[in-house]
Protein chains: 2
Amino acid sequence: MPTKTYHIGVEATMEIIGGKWKSIILCHLRHHTMRTGELARAIPQISQKMLTQQLRELEAANIVSRHVYKQVPPRVDYSLTDYGESLSGILHELCVWGEDNIDRRQAAGEEISLMSRDDV
Amino acid sequence: MPTKTYHIGVEATMEIIGGKWKSIILCHLRHHTMRTGELARAIPQISQKMLTQQLRELEAANIVSRHVYKQVPPRVDYSLTDYGESLSGILHELCVWGEDNIDRRQAAGEEISLMSRDDV
DNA sequence: TCTAATTATTACCTTTTGGTGGGTAGCGCA
DNA sequence: TGCGCTACCCACCAAAAGGTAATAATTAGA
């Protein structure tokens with residue numbers, strides 16, 4: 001296997017939390033364990049396919065853990081692993097910075113809005 | 001113009017620093033003003049097209065500023081704006097977390113390597 | 001006159017990412 | 001019998017992101 005080379009730390013971080021959905025999922029999971037359907041409702045724009053796909057990748061990176069309850073209908077929930085928790089501070093800052101960014105853009109007259117803030 | 005709606009702050013942040021290159025560029029610019037060619041050498045994997053494209057987008061978001069010197073051959077350099085500096089802490093943490101992630105994966109036997117660390 | 005130097009643009013193509021619509025499992029209940 | 005519940009998988013398609021290679025512009029200096 002050819003050695004994979006990173007040139008700077010942030011590359012590795014972005015490989016894990018980058019993409020359209022992962023950081024959003026993680027920001028929700030930061031507050032509580034959530035069931036699949038809960039996550040889907042919390043992120044209304046995401047498709048079911050993307051949701052499970054991204055969760056699988058986060059699981060593979062040891063950021064989230066998946067708990068399956070032997071029930072019918074099925075019940076599955078997701079939470080941050082201990083290692084995933086080490087991202088919590090960063091995730092929070094990413095949320096806060098984004099909120100401020102939206103505020104600025106609104107103040108500048110852009111037609112944008114934010115549905116909910118981090119510290120719900 | 002239809003109002004653009006964000007559901008959580010991190011969405012806006014990722015729109016700005018997400019993608020394969022932006023966070024890497026910003027991590028370099030965090031330390032010093034850099035010329036185009038310097039950036040290209042610091043990020044050997046990037047193509048010239050991507051470099052200028054991403055810089056234009058960061059400029060449009062008011063994160064970096066571009067200075068053109070009237071010289072031949074041309075001289076252009078880029079630096080963080082004051083607003084861009086407000087990302088500096090986050091960028092640093094993203095680098096540090098990634099370095100730690102790489103260390104862990106190496107310890108676990110993955111064939112990966114890191115060329116340079118944040119605090120050069 | 002020809003080339004080096006530096007930044008940037010363009011057209012074209014490939015790869016990656018994301019979306020849609022369908023289907024399955026298996027138990028409970030009308 | 002047949003439907004609803006929840007999670008999730010697959011095949012297929014569309015869109016976005018990224019890569020390659022060629023080209024421009026301009027002046028100094030060989």
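Proteins get letters first, then strands, A, B, ... in listed order; numbering begins at 1 in each.
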Using a 4.0 Å heavy-atom cut-off across all strands, classify [X] as base, sugar-phosphate, or nothing.
{"X": "Q53(B)", "value": "nothing"}
{"X": "S47(B)", "value": "base"}
{"X": "T52(A)", "value": "sugar-phosphate"}
{"X": "Y69(A)", "value": "nothing"}

Measure [atom1]/[X] against [atom2]/[N] and give the value in whole Å, please.
{"X": "I25(B)", "N": "dT7(C)", "atom1": "CD1", "atom2": "C1'", "result": "15 Å"}
{"X": "D77(A)", "N": "dT6(D)", "atom1": "CG", "atom2": "C1'", "result": "13 Å"}
{"X": "Q71(A)", "N": "dA25(C)", "atom1": "CD", "atom2": "C1'", "result": "15 Å"}
{"X": "R56(A)", "N": "dC8(D)", "atom1": "CZ", "atom2": "P", "result": "5 Å"}
{"X": "Q48(A)", "N": "dA11(D)", "atom1": "CD", "atom2": "C1'", "result": "16 Å"}
{"X": "I43(A)", "N": "dG18(C)", "atom1": "CD1", "atom2": "P", "result": "13 Å"}
{"X": "W21(A)", "N": "dT16(C)", "atom1": "CH2", "atom2": "C1'", "result": "16 Å"}
{"X": "I46(A)", "N": "dT20(C)", "atom1": "CD1", "atom2": "C1'", "result": "15 Å"}

Grab the two heavy atoms, one from [X] and one from [Y], that are nearest each other, plus how far apart they are.
{"X": "A42(B)", "Y": "M34(B)", "result": "CB-CE, 3.9 Å"}
{"X": "I17(A)", "Y": "K22(A)", "result": "O-CB, 3.8 Å"}
{"X": "M50(A)", "Y": "W21(A)", "result": "CG-NE1, 3.7 Å"}

Given that V72(A) and L55(A) both sit by DNA chain D, which one's nearest nucleotide is further toward the 5' end? V72(A)
Selected nucleotide, minimal atom distance to P73(B) side chain, candidates dA5(C), dA7(D), dG19(D): dA5(C)
Checking dT7(C), dT6(C), dA7(D) against the side chain of R66(A) (C-beta onward), the nearest is dA7(D)
Would you please confirm or rule out a distance under 4.0 Å between OP1 or OP2 of [N] and any side-chain N or O of [X]?
{"X": "K20(A)", "N": "dA17(D)", "answer": "no"}
{"X": "R75(B)", "N": "dT26(D)", "answer": "no"}
{"X": "R35(A)", "N": "dA7(D)", "answer": "yes"}
{"X": "Y78(A)", "N": "dA7(D)", "answer": "no"}

Quick check: is I63(B) connected to V76(B) through a chain of hydrophobic side chains (ILVMFWY, heavy atoms under 4.5 Å apart)? yes
Within the 4.5 Å heavy-atom criterion, are L58(B) and L29(B) side-chain neighbours or not? no
